Amino acid sequence: MPTQSVDGITINYLLTGSGPLTLCLVHGSGGSTLAWVRQLEGLADAARVVALDLPGHGDSAGEGSRSIDDYVSVVKAFVQAMRLGRVVLGGHSMGGAIAQATALAHPDLLSGLILVGTGARLRVLPRILELIASNYAEGCAFVNAYAFSPAASEALKEGAKAAILRTRPQVTHGDFTACNAFDVMDRVGNIRLPALVICGRDDRLTPPKYARFLAQRIPGARLVLVDKAGHYVQLEQPEIVNAEIREFLETLTSTLSAGGSPSEPIIRLLA
Ligand code: COA
């Protein structure tokens with residue numbers, strides 16, 4: 001697996017595809033690049049697709065954090081160290097919080113935003129925080145029980161549970177703590193980037209209400225609610241999610257090649 005040293009930490013990443021746009025994908029709490037495996041394979045013909053393991057996750061070295069802003073610093077340093085140029089930043093769940101915070105703090109790094117199963121505020125059920133701290137296996141099972149649509153296969157659910165169990169308990173607990181403190185509800189409307197918001201209609205961890213809020217507040221954002229999908233919508237319904245991302249990237253590409261800049265004019269065209 002390729003790695004990149006970021007502020008002295010070895011960060012693992014996966015890279016597929018090529019093209020004028022780079023899609024950089026950030027996983028959620030206790031997650032890894034596995035969260036994006038279907039996009040890495042399914043969108044390789046549409047863009048350069050890069051997914052990273054945050055510190056302490058997947059095959060990356062280092063420790064996790066209890067702060068979204070710390071993870072924003074990692075993503076910023078990763079994009080710069082990899083010389084990716086402006087990226088379309090995609091985030092799932094906690095990764096979506098990181099993407100929103102990056103868009104607010106460092107808009108010049110981005111040409112677009114893809115927010116998947118996330119929200120502008122991510123309060124966490126106290127029971128999740130308690131269980132993750134006291135009985136990790138039970139905590140992971142509890143989260144998993146909320147994470148999927150009834151339509152999801154047992155294999156997918158078991159795979160996701162095995163993946164989060166590979167992350168150290170304190171790292172996952174730090175992630176949920178970071179989510180619990182995240183709240184940009186009064187600022188997310190300041191984002192001025194083309195944005196795609198995707199949520200499973202059966203998502204009980206970050207319900208469609210959160211996605212509607214994002215799409216209403218971010219000017220020009222496109223909202224996609226996906227049937228038969230829960231919190232892991234990008235794994236549960238990858239064909240639908242990839243088709244939406246592909247269309248979003250195509251619109252961005254054609255606008256940029258027509259001489260637009262990734263700001264207000266594109267937002268008007270996408271609206
Ligand atoms: N977007 C839009 N609305 C939001 C929101 C978001 N991101 N986050 C909260 N709200 C709304 C809620 O729907 C609620 O609206 P209401 O008063 O009309 O019902 C209000 O803001 C307050 O909600 P919240 O801040 O979440 O506090 P709470 O005490 O009502 O609920 C929880 C706390 C933990 C029970 C609740 O947030 C929840 O069920 N979270 C989802 C489960 C979870 O743990 N997810 C993990 C996320 S990483």
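In this text, all values refer to a predicted model and were calculated from it rather than measured experimentally. Counting starts at 1 for both ligands and their atoms, following the listed order.
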What atoms of ligand 1 come within less than 4.0 Å of a heavy atom belonging to Ile128? 44 (O)
Are any of the protein's heavy atoms under 4.0 angstrom from atom 1 (N) of ligand 1, yes or no? yes
Distance from atom 19 (O) of ligand 1 to nearest protein heavy atom, with residue and atom: Lys209 NZ, 3.8 Å
Near Val124, which atoms of ligand 1 are under 4.0 Å from a heavy atom of that residue? 34 (C), 44 (O)
Which value, rounded to the nearest 0.5 Å, describes the distance between Leu14 atom CG and Leu40 atom CG? 5.5 Å
Per-atom contact, atom 37 (O) of ligand 1, protein heavy atoms, under 4.0 angstrom: yes
Minimum distance, heavy atoms only, to atom 26 (O) of ligand 1: which one of Arg204, Arg121, Arg123 is it? Arg123
Between Arg48 and Thr22, is there a side-chain donor-acceptor contact under 3.5 Å, judged purely by atom types and distance? yes
Less than 4.0 Å from atom 8 (N) of ligand 1, is there any heavy atom belonging to the protein? yes
Assess the side chains of Asn12 and His57: does a donor N or O sit below 3.5 Å from an acceptor N or O? no
Under 3.5 Å: N/O of Cys179 near N/O of ligand 1: no
Thr206 and Asp203 side chains, donor-acceptor separation under 3.5 Å: yes
Hey, are Thr172 and Tyr136 close enough side-chain-wise for a donor-acceptor pair under 3.5 Å? yes
Distance from atom 39 (O) of ligand 1 to nearest protein heavy atom, with residue and atom: Leu125 CD2, 4.3 Å
Numbered atoms of ligand 1 (with element) below 4.0 Å of Ala120, judged on heavy atoms: 7 (N)
Side chain to side chain donor-acceptor pair (under 3.5 Å) assessment of Ser29 paired with Asp175: CA-CA 5 Å; Ser29 296; Asp175 289 351; 4.7 Å; no
At a non-hydrogen distance cut-off of under 4.0 Å, which region of Phe213 contacts ligand 1 (side chain, backbone, both, or neither)? side chain
Parallel, tilted or perpendicular: which describes the rings of His92 and Tyr232, with under 30° parallel and over 60° perpendicular? tilted
Starting from atom 5 (C) of ligand 1, which protein heavy atom do you reach first, and at what distance in Å? Tyr210 CE1, 3.3 Å
State whether any protein heavy atom lies less than 4.0 Å from atom 23 (O) of ligand 1. no
Asp70 and Ser65: side-chain donor and acceptor closer than 3.5 Å? yes
Before accepting this row, confirm whether a basic side-chain N of the pair Arg222/Glu247 lies closer than 4.0 Å to the acidic partner's carboxylate O. no
Would you say the side-chain atoms of Thr118 pair up with the backbone N or O of Ser93, donor to acceptor, closer than 3.5 Å? yes
Polar side chain donor-acceptor pair, Thr33 to His27, under 3.5 angstrom: no
4.0 Å heavy-atom contact, Met185 with ligand 1: yes
Please check atom 12 (C) of ligand 1 for a protein heavy-atom neighbour under 4.0 Å. yes
min-distance protein heavy atom vs atom 47 (C) of ligand 1 -> Leu205 O, 3.8 Å
Does the protein put any heavy atom within less than 4.0 Å of atom 31 (O) of ligand 1? no
